[in-house]
Amino acid sequence: MATSKPKVGALEIHTGPNTTPFFDDYLSAVSLVSRLFPGRLEPSKNLIIRYNYQDLAWAEKLTKEKLTPDDYANLQRNEQNQLVGSNCDAATQNCRGSKQQTATSTGLAIILQGVENSLNPFDSTANSRFKTGMLEAHEYFHALQRIPIMGKTQIWPHAWFREGSAEWVQNMAINYNDFQKYNEFLRLDCTPICLRLTESQIIEFFETSKENYTPPKFDRWLNYSLSGHVIEALVAIKGPDTLLELYEQMGKKLSFEQAFKETYGVEWSYALPILAKTVYANLNGN
């Protein structure tokens with residue numbers, strides 16, 4: 001990151017008339033992600049729409065205008081007809097979610113970013129996540145993940161690999177020159193749910209969380225927080241580019257297990273107990 005240069009494509013950013021983002025330097029955040037993956041392709045054009053609940057109808061209308069009818073219909077279908085609205089909660093009239101999608105016909109990368117009315121005072125990571133560019137880096141990395149695999153296969157990496165990678169990337173991108181802040185976010189992001197897990201439960205989580213399914217006994221947030229620790233270990237072993245190399249391998253119609261071996265050189269079943277032991281030790285201060 002210290003030596004590479006960003007190659008971010010065009011950013012078209014729209015913010016709702018009643019929406020005030022907590023962070024407003026989009027280019028700086030996504031440029032840091034770009035510098036982390038100097039050898040990888042990135043979208044040539046990015047559409048970002050930011051909105052709070054009051055601007056939900058505005059965001060719906062703008063999204064439909066900016067996409068081709070076919071792309072809009074396809075993305076709506078993929079999101080159960082809630083492409084924009086699923087980021088928001090009608091009961092609390094708040095938009096806490098964000099998502100990244102890519103239009104199949106044009107390759108346009110789309111980030112639909114809900115903006116909360118106020119940050120959760122009980123979330124110890126809220127300031128880092130929403131005020132430093134982490135959220136922007138997270139969603140932009142999802143666009144990079146799609147490029148090597150989209151349209152090539154129906155089988156994608158598991159949710160824990162997808163979201164754990166984005167969770168690690170957002171932290172590294174924003175805190176790449178501050179190891180203390182990097183470590184502090186990694187710790188807070190996993191507290192307290194990760195600390196409740198035994199080593200065998202960590203293994204069970206990664207054995208049973210498949211594609212977009214997480215067993216009910218596990219908190220879905222583990223796909224982000226706990227997985228970020230596994231991703232950190234994988235990057236330490238073989239570098240950040242492997243996070244996209246695995247997608248490229250699965251784009252060749254390989255299974256996750258086959259792609260993992262091609263990328264990291266060992267069987268996933270062999271690696272998991274070692275990773276679980278390491279992550280468990282790290283979480284417990286060893």
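Just so you know, residue 1 is the first one in the sequence shown, and it goes up from there. When reading the values below, keep in mind they use all heavy atoms of this one structure, side chains included, and skip hydrogens, waters and symmetry mates.
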- Message: Using side chain to side chain contact (heavy atoms under 4.5 Å, CB included), reason through Leu246 and Tyr264 one step at a time and then give a plain yes or no.
- Response: CA-CA 9 Å; Leu246 187 134; Tyr264 295 104; 4.3 Å; yes

- Message: I want to check something: taking the side chain as every heavy atom from C-beta on, are Thr214 and Leu222 in contact at a cut-off of under 4.5 Å?
- Response: no

- Hey, does the side chain of Asn94 reach the backbone of Arg96 with a donor-acceptor pair shorter than 3.5 angstrom? no

- Item | Side chain proximity check, Leu135 to Ser98, heavy atoms < 4.5 angstrom | yes

- Query: Just by distance, do the side chain of Thr19 and the backbone of Thr15 share a donor-acceptor pair under 3.5 Å?
  - Reply: no

- Message: Could you check whether atom NZ of Lys277 has more than 12 heavy atoms from other residues, nucleotides or ligands sitting under 6.0 Å from it?
- Response: no

- Message: Looking at every non-hydrogen atom in both residues, tell me the closest pair between Leu119 and Ala126 and how far apart they are.
- Response: CD1-O, 4.1 Å

- Message: side chain to side chain donor-acceptor pair (under 3.5 Å) for Glu163 and His142? Distances and angles first, verdict last.
- Response: CA-CA 8 Å; Glu163 297 298 350; His142 282 321; 3.1 Å; yes

- Look up atom CD in Glu167 and atom NE2 in His229, then write down how far apart they are to the nearest 0.5 Å. 9.5 Å

- Output yes when a side-chain donor or acceptor of Lys45 lies under 3.5 Å from a complementary backbone atom of Gly107, and no otherwise. no

- Donor-acceptor contact present, side-chain Asn175 to main-chain Glu184, <3.5 Å: no

- Item | Validation row, ring centre Phe37 to ring centre Phe141 under 6.0 Å | yes

- Flag the pair Lys252 / Glu262 as yes when at least one side-chain heavy-atom distance between them is below 4.5 Å, and no otherwise. no

- Query: Ignoring hydrogens and geometry, is there a side-chain-to-backbone donor-acceptor pair from Thr63 to Ala59 under 3.5 Å?
  - Reply: yes

- Does CZ belonging to Phe179 count more than 12 external heavy atoms closer than 6.0 Å? no

- Query: Below 4.5 Å, heavy atoms only, C-beta onward: do Asn212 and Arg162 meet side chain to side chain?
  - Reply: yes

- Report, as yes or no, whether the 6.0 Å neighbourhood of atom CD on Gln82 holds more than 12 heavy atoms from other residues, nucleotides or ligands. yes

- Item | Check: Thr125 side chain, Ser128 main-chain N or O, donor-acceptor pair, under 3.5 Å | no

- Message: Side chains of Tyr51 and Asn87, heavy atoms from C-beta outward: is any pair under 4.5 Å?
- Response: yes

- Inspect the surroundings of NZ in Lys181 and state if more than 12 heavy atoms from other residues, nucleotides or ligands are less than 6.0 Å away. no

- Item | Exceeds 12 heavy-atom contacts within 6.0 angstrom, atom NZ of Lys210 | yes

- Show which residues join Leu41 in its hydrophobic cluster (side-chain heavy-atom contacts under 4.5 Å, direct or indirect), or state none. Ile147

- Message: Which residue is it: Leu275, Thr278, Val235, Ile202? I am looking for the one with a side-chain contact (heavy atoms from CB on, under 4.5 Å) to Val230.
- Response: Leu275

- Start with the C-alpha gap between Gln100 and Gln145, add the side-chain angles, then the distance that decides, and say whether side chain to side chain contact (heavy atoms under 4.5 Å, CB included) holds. CA-CA 10 Å; Gln100 190 281 324; Gln145 288 173 321; over 6 Å; no

- Message: Closer than 3.5 angstrom, by distance alone: can the side chain of Asp189 be matched with the main-chain N or O of Phe185 as a donor-acceptor pair?
- Response: no

- Query: Taking the side chain as C-beta and beyond, is there a heavy-atom pair between Lys99 and Ser86 under 4.5 Å?
  - Reply: yes

- is_close_aromatic(Trp268, Phe161), centroid dist under 6.0 Å: no

- For Arg220, does its backbone N or O pair with a side-chain atom of Asn223 as donor and acceptor, under 3.5 Å? yes

- Message: Counting only heavy atoms from other residues, nucleotides and ligands, does the tally under 6.0 Å from NZ of Lys7 exceed 12?
- Response: yes

- Query: Can a salt bridge be assigned to the pair Lys152 and Glu248 using a cut-off of 4.0 Å between side-chain N and carboxylate O?
  - Reply: no

- Using atom types as modelled and distance alone, determine if a side-chain donor or acceptor of Asn52 lies under 3.5 Å from a backbone N or O of Asp55. yes

- Message: Looking at Tyr182, is its backbone amide N or carbonyl O close enough to the side chain of Asn171 to form a donor-acceptor pair, meaning the two atoms are under 3.5 Å apart?
- Response: yes

- Message: Any non-hydrogen side-chain atom of Phe205 less than 4.5 Å from a side-chain atom of Cys194?
- Response: no

- Message: So that I know where these two stand, are Trp160 and Phe206 an aromatic pair - ring centroids less than 6.0 Å apart?
- Response: yes

